[in-house]
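Heavy-atom basis, side chains included; hydrogens, waters and symmetry copies ignored.
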Amino acid sequence: MTPTHTPDTANPGPATALYRDAAAVDAAISDMAQALDTLLSARGARPPLMIGIHTGGVWVAERLHRLLALAEPLGYLDISFYRDDFTRIGMHPRVRPSHLPVAVDDRHIVLVDDVIQSGRTIRAALNVLFDYGRPASVMLAVLAERSGRELPIEPNVVGLHADLAHGEHLKLAGPGPLSLYRGSPPVGRASGAEGAGP
Amino acid sequence: MITPRASQQEQAAALQLDADGNLKHFLTLDGLDRALLIDILDRAEGFLGVAQQAVKKVPLCRGKIIANLFFETSTRTRTTFELAAKRLSADVLNLNISTSATAKGETLLDTLRNLEAMHVDMFVVRHADSGAAHFIATHAAAPVAVINAGDGCYSHPTQAMLDMFTIRAHKGGFEGLTVALVGDVLHSRVARSQITALNTLGVAEVRAIGPSTLVPARAAEALGVRVCHDLRAGLRGVDVIILLRLQHERMDGGFLPSEHEYFHLFGLTEKRLRLAAADAIVMHPGPINRGVEMDSGVADGDRSVILEQVSNGLAVRMAVMSMCIGTQNLWLHAAGQRPLTETGDA
């Protein structure tokens, strides 16, 4: 009931401006697929199990999954139950069920998210993942990387580096054509640093 | 003009919700709107998945202490509340407090003060007297949250919500549904909460079926149901059949000639089940009295969703508990008891 989070809609809301259009985002995702392909070969991490973080991460993961022609279905993670700001802002009103198509034990995992800033989403996602089992390795692919890390977490594959002012918001709009919007988060919101929210 | 009923609803809402409409306590479904009930069901949906994890736990209520205050015996409800709290990573205290009529008022408050001194964050209360959970919620020091796990003949909101969850899972929604409640409507707190929930969620019709001794005389006006004293007529075309347990412990004689007679007139059999819609589901809050409320064949049959109700109960209770704890956190945060920083979890 508390309007602390952005609902996941294609509409980025007021006070936002287009940062990267659909063509630029698609090109970035193609680059990611190539880089990921190289990385997976170098690490001998095939076949990988790809997992998207709800919601923006899933949109990016669906495209990567298609580009890499992975046979196994995509996994989905919702990190709402693992957020470290539950004590501050209460619970996310819309929790989508996490779904992992196969056991994660001894698998090479490719975790996909839309935007990385503080690194807290990924911390939470790793916790969820390890509650499902013990993967052999975890790699991280994000569409947009921006400064502001608060945890020692770095992506292995990055689509684009976003140079934004402190406090500015970067949000992926989807699920149709994907485009990135920048802007100030609505006033009174305690959260909302990176991406479309968990 | 405010009718007594309307003001009662407002009072119930005022006690249970904070200024922003967040759930503070969960005592009754009276005064809660459809959006909030749907919100509870949606959140419960998310918690179903926790059972699929190797580690069946999420850290939402880590560091919180939840006390199960059971003044009345219960197995299913207490264990599902306990398990729900544990899956939320809370620490759980189970207190089975036998109650005596004379000691009630003061003992209840004293117990409360003692538990508050132990910094308990939430009370889950089951009591044989109607209004006990309200009493505790009124007297508990904020921000302690209170969840009603059944009080007297009045209310059992988490049971009703898990039933709504089960109905939605099978029927996709509530619009246009006809739901029959069969049996001891008079003594059933489950029935009372279910009727409120069904009407709030907007089903087409709720039928209360039972002998005239067990279906309140003014049920139609008071509860918003269609009263039916003939099972066969009542079951015709219904989408959901909810059987209610005969509450022997709340009957002081004279309500029924015999259990055998009850089964003869109101027990659900395969044959009677055929009067309902072809895809009707059969529900029972448990514990079942086989051969009294229903045939064993029906209880174990493919239309029965009784065991599903138990699994769903876990998810619904996790949802309600985490919502109340979440609101409590907001309150603590607003009171400056937690440090505030700019960036959130992202």
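Of all the heavy atoms in B:P59 and A:F81, the pair that sits closest is CD-O, 3.3 Å. The shortest non-hydrogen separation linking B:A54 to A:G133 is CB-N, 4.5 Å. The heavy-atom pair separating A:Y82 from B:Q53 by the smallest distance is OH-NE2, 3.1 Å.
For B:L307, the CG atom sits in a loose shell: 12 or fewer heavy atoms of surrounding residues, nucleotides or ligands are nearer than 6.0 Å. Annotation for A:R46: atom CZ counts as buried by contact number, over 12 foreign heavy atoms lying within 6.0 Å. More than 12 heavy atoms of other residues, nucleotides or ligands shown are found within 6.0 angstrom of CG on B:D279.
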Donor-acceptor list for residues 67-74 of chain A side chains, cut-off 3.5 Å, not counting sequence neighbours:
from, atom 1, to, atom 2, distance (Å)
A:E72, OE1, A:R107, NH1, 3.3
A:E72, OE1, A:R107, NH2, 2.7
A:E72, OE2, A:R107, NH1, 3.0

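When heavy atoms are compared at a cutoff of 4.5 Å, B:K57 approaches chain A solely by way of its backbone atoms N, CA, C and O.
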